Amino acid sequence: MNKYNPQKIEKKWQKNWEKSGFVKINKDDDSKQKFYILDMFPYPSGTGLHMGHTESYTASDVFYRFKKMQGFNVLHPQGFDSFGLPAENFAIKTGIHPSETTRKNMENYIQQMKSLGFAYDFDEQAVTSDPGYYKWTQWIFGKFFENGLVQKKTQKTNWCSSCQTVIANEQVADGKCERCGTEIIQKEVPGWFFKITDFAEDLINDLDKVDWPEHTRKNQRNWIGRSEGAVIKFPISNFQFPKNNPISNDKKTNQFIEVFTTRVDTIFGCTYLVVAPENALINEQRAMINNYTEVEEYINTAKNKTELDRMEAKDKTGVEIKGIKAINPFNGEQVPVFVADYVLGGYGTGAVMAVPAHDERDWEFAKKYKLEIRQSIAPVFFGVGENAVREDKENTERSTVDVIIKHWEKDEYFGLKWKYNGWKTFVIGGIEKGESPEEAAVREAREESGYKNMKVVRRIGGEMHSNFFAVHKDVNRFPVKRRCVLIELTDGEYENPKEEHIKNHDGVWIRKEEVEDFLTIPETKICWDIYLKGERAFVEDGTLIDSGDFTGLSSKEARSKMIQWLEENKSGKRKINYRLRDWSVSRQRYWGCPIPIVYSPEGEARFVGEENLPWTLPLDVDFVPTGVAPLAKSEELKKRVEDIFGNGWIAEYDTMDTFVDSSWYFLRYPDPKNEKEFCSAERLKKWLPVDLYIGGAEHTYMHLLFARFFTKAMKKIGLLDFDEPFLKLRHQGMVLDKAGKKMSKSKGNVVNPDDMTRKFGADSVRTYMLFAAPLEDEVMWNEENIIGVYRFLDKVWRMQTRIKMNNEKDGSRISNFQFPISNQFLSSNDKISKLTVSVNRTIKKVTEDIENLKYNTAISALMILANEFEKQEKIASVHYSKFLILLSPFAPHITEELWSSFAKATADEGKYDKYKESIFLQSWPEYDEKLIADMSIEMVIQVNGKMRDKMSVSADISEDDAKQKALSSEKVKTHLSGEVKKIIFVKGKLVNIVV
RNA sequence: GCCGAUGUGGUGGAAUUGGUAUACACGCACGACUCAAAAUCGUGUGAGCUUGCUCAUGAGAGUUCGAGUCUCUCCAUCGGCACCA
């Protein structure tokens, strides 16, 4: 036997597999069930495949081999997302054309993938920069164009001055360009937008249909950011049509300021309005604005702020628009209007009603500019237990005051301990008719504390409501309107309080730091918290106060009633808003898919037409970015357009965001060479949607969202008949260095898959990647640990000398090793060996674990079985062969080699050809449930839940027998000090004796 | 600030979903083989002590006969979002 030499056997089998056409599938074979497993295809960068790819692609390769052996017709394709900036930037530096760089890099990637043993069919790729591919990107763009799903808009967009191009919201990180780190500025650029917002609702709802990680779905939902609310029209008090604009009447004018809010219920607390600097109102109302210069100046500074400036701005700024007022439709009140950049132009209506009492941002702004803060929602507390509000009891209203009394010289506060219910509170008392809260507070403080001299400091917080059932009065207190007043004693003059005031409670002084723990009911805790930390906006739901006819409603009720009111009075309506913006796809760069649009001499945009596709990327272009799209410099393109469309026609010079290319690539794989269609109808129907998609979590937002949008948009125009592209999605975790740090070039801790493969062999690299941690967790790449996997494979290798080839009785050639492997373990009269049970169990475990992508525990189960084999003098070939198949998805090369050599050795004459067949043509072993359940089990005996002894019993032991046996255990007896109270029996598991 | 995830030996990680905590692997220690080394194999390895008991799954409480697992509060780390009204 030779030594295990991974390098030698791996190369051999990689070549063999390629030659044998093992990687090819018949895509029209209907005799088997289909399975479509997809990888996120790589961008072919100059640095080659990284460890993240290696893990992800290994994970899918394992699943592919597993499913294939289970008898599925499995499509597991690979391709390249080959348009993109790095190749172009490299071209700018070196003058080498991106197509050349890209081609080279792809070749390198393919070599790397082959050397890891990935079984892709590279004849059936999708390469986005290939005209045969991007022809269909353009064709789909054309379809979207014809169906109004893409439109040209001029919009403030994120501009990267280093990349000299627009980038999508999703590509801005920390106000900087995700790619190059340059600060993003806002720039008005005309460009093409996909109407992804049309699908916002479906993009949220259909997440319920797919089997994706919960956090990914949640992130998508948050990104889309649905919020339900209302648009409300605030009439402008002294609105005038601009004198020089006679058409104002039928144009959209600003007789109203429209605001969007999710909190209509707070509208009686609205004390001003704010419009975003971008809001058209300002310009339209110019004539009416008294301080236009000031307003204009503010708008200009706001405009010049970069994303970063805006994000870093601590203080809210703004300017009142003098000369106009807005009228609150609910109460007719006139409120001032401000322009401030804390309101975003691009969201909602670009204007908000400000309710400082109930919104943190408005609160901050109102404090700074000393604007009125008016409470309209009261926090509500409900009694619990016996104090819960009772439906059948009368509701009575009350007004009370909580009095925080501060000691005259010490930092102590006066509290009450209640005798009948254990409450600990401040002084609480009713506000009598005609009394102000302050007057009531002073009166109550004197009555209940006995101290005489004090001064009112201030109110604490606003109105709060308590709703509860007062047991001793047999009525509901519904509501108790509470106020809180802070009082400071001026001296210690004291007189014993009257008995009637103190019979229910004792008064005590509490040190400041102990007050919080002293208080027992949430209402007073909140008063105290506000006293300590200061006033703030109350942003939660509650009960409406001082809100006209709506007073007393809960926030929730009020929202629906108020929206109804708005609709009846034509002052607004229900509205759902999304954070998601339309997807800007125009890029002023070269190495991308040309946008297949031409402009007539009148400037009208037109699709170039299917007959002119692919609308090729011109070659006579200088890449150096100048802010003008590179394609504008192409003579060839200019000539092409004029030849086809006539003089005066011009091409669209922008190319598409590369996310467009990757938004449909999974549709191409089933039919990548089709020149007539992006994919034939039959193949689409057969293969899509994707059954399992594996890739990095960094694509949670953009790629997955865009691909889902494409699917929905294409379905809408009849190109597809399903609405979610990826039925099941799993992420692989990041590969970190052994210290748990991200790998990066600058840190110099990048591990290269090639080096690892050369050092340990592909099988070890593959197996270790999946063994080291659960797939979705981070893997710390530790070269010291990979040795364990290598040893395991080496052990498997050396085991081949101990396979039992011959029948022990007569020395004849064994009979139980047959091809294809029989799923029958034993004939009926065979004795079941312990090893047979182990093998059976391992088959079950590995099968289920792979199915659930729990590769780490599958590998561990294989190691356990190998360790058991190791203890045997001889290993039955029937066991060993099954073990090899179970291991083969992880370590394809070594298992194929072992399969071929021992299959040959055990072959009967004449059957040899069959034995030569690849291990991957064998079928996946099945297990026998009957052999998994042990006849006898170890039953645990616990005393008070602690394990004290074990007993070996038959699996179906009766409850009584088990209890008897447990009680007779010597070890158990020493723990049975008292009387046995109870015995718990869990079938097949344990007996728990409670003393 | 908000949302999400995670927290188990010296290390990576297991734990049938409420039932023997620490599987498997790395590392370490000792032993076998060897002139020696490597490789391999074997044994041991959560902590503490009174050596058969106590304590251990970020901290604290709770539910339960029984909690790594469920509930609440807090802490730490990581990731994402960040004026979205």
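Convention: sequence-line order gives letters A, B, ...; per-chain numbering from 1. Values reported hereafter were calculated over all heavy atoms of this structure, with side chains retained and with hydrogens, waters and symmetry mates removed. Just so it is clear, the structure is predicted and the values come from calculations on it, not from any experiment.
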* Asked: Would you write out the dot-bracket form of RNA chain B, 5' to 3', with Watson-Crick and G-U pairs under 3.5 Å, [ ] for crossing pairs, | for pairs to other strands and . for unpaired bases?
  -> (((((((..(((......[....)))((((((.......))))))((((..))))..(((((..]....))))))))))))....
* Asked: Under 4.5 Å between any side-chain heavy atoms of Phe985(A) and Asp960(A), yes or no?
  ->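 The answer is no; the side chains never approach within 4.5 Å.
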If you take the centroid of each ring, where Trp contributes its six-membered ring, are [Y] and [X] closer together than 6.0 Å?
X         : Y         : value
Tyr790(A) : Tyr4(A)   : yes
Phe792(A) : Phe771(A) : no
Phe365(A) : Phe338(A) : yes

Tell me whether the side-chain N/O atoms of [X] come closer than 4.0 Å to OP1 or OP2 in [N].
X         : N       : result
Tyr347(A) : rA85(B) : yes
Arg579(A) : rA85(B) : no
Lys950(A) : rU20(B) : no

Looking at every heavy atom in both [X] and [Y], which two are closest together, and how far apart are they?
X         : Y         : value
Ala861(A) : Thr842(A) : O-CG2, 3.9 Å
Asn328(A) : Ile267(A) : ND2-O, 3.2 Å
Leu544(A) : Ala558(A) : CD1-CB, 3.5 Å
Cys270(A) : Val335(A) : O-CG1, 3.9 Å

* NA contact type, Glu778(A), heavy-atom cut-off 4.0 Å: base, sugar-phosphate, or nothing? ->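 Contact class for Glu778(A): sugar-phosphate only.
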* Taking for each residue the nucleotide of RNA chain B with the nearest heavy atom, is it Ala276(A) or Glu870(A) whose nucleotide lies nearer the 5' end? ->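 Checking each residue's closest nucleotide, the 5'-ward one belongs to Glu870(A).
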* Structure fact -> Protein-proximity profile, nucleotides 48-66 of chain B, B/S/- by nucleotide at the 4.0 Å heavy-atom cutoff, equals -----SSS---------BS
* Structure fact -> A correct 5'-to-3' footprint of nucleotides 22-33 of chain B, with B, S and - meaning base, sugar-phosphate only and no protein heavy atom under 4.0 Å, is -BBSSS------
* To do: Figure out the NZ/C1' separation between Lys871(A) and rU43(B), and round it to whole Å.
  =>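 In whole Å, rU43(B) C1' and Lys871(A) NZ are 12 Å from each other.
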